[in-house]
Engineer: 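The following block contains the structure, expressed as structure tokens.
The structure presented is a predicted model; accordingly, all values stated were derived computationally and were not measured.
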Amino acid sequence: MKKIIAFTFGAFASAAVFATLPPLTPEAQAAADLAKAKTAYGDKVGAYQLCQAQNRVADRFKVAGTAAPAACVAPPPFVPPVVAAAAAPAAPVAPAAPASK
């Protein structure tokens with residue numbers, strides 16, 4: 001019985017591995033890119049805040065005559081990523097001239 005359960009579980013797991021998702025729509029891709037950019041910016045802000053906190057602690061325990069901690073570099077303001085320009089629309093097709101008799 002354990003072998004059957006293990007085989008069934010393995011079959012479902014391998015089927016899930018080979019399954020593929022459909023490609024994202026342009027709107028979903030843009031939303032994913034924006035979320036990725038916001039996350040990256042949040043990481044930069046977090047690193048800046050951590051640097052400031054570490055400098056405050058270093059200043060508190062600094063021994064006289066030692067160098068000051070490195071200065072923190074503030075991240076620039078958040079700028080959303082530029083959406084790739086959609087393919088240029090094709091030139092409109094001119095209507096065909098009526099056939100002469």
Engineer: CD of Gln54 to CZ of Arg56: how many Å apart, nearest 0.5 Å?
Structural biologist: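 Between Gln54 CD and Arg56 CZ, I get 10.5 Å after rounding to 0.5 Å.
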Engineer: Sequence neighbours excluded and cut-off under 3.5 Å, please list the side-chain donor-acceptor pairs for residues 57-65, or say none.
Structural biologist:
none

Engineer: Output every pair passing side-chain hydrogen bond (donor to acceptor under 3.5 Å, both in side chains) with a member in residues 39-50, not counting sequence neighbours, ordered by first then second residue.
Structural biologist: Tyr48-Gln52
Engineer: Whether the side chain of Asp33 engages the backbone of Pro81 through a donor-acceptor N/O pair (distance < 3.5 Å, no angle test) should be reported.
Structural biologist: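 Flag not set: sc Asp33 to bb Pro81 has no pair under 3.5 Å.
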Engineer: Would you sort out whether Met1 and Ile5 count as a side chain to side chain contact (heavy atoms under 4.5 Å, CB included), showing the intermediate values?
Structural biologist: CA-CA 6 Å; Met1 185 67 176; Ile5 292 172; 4.3 Å; yes
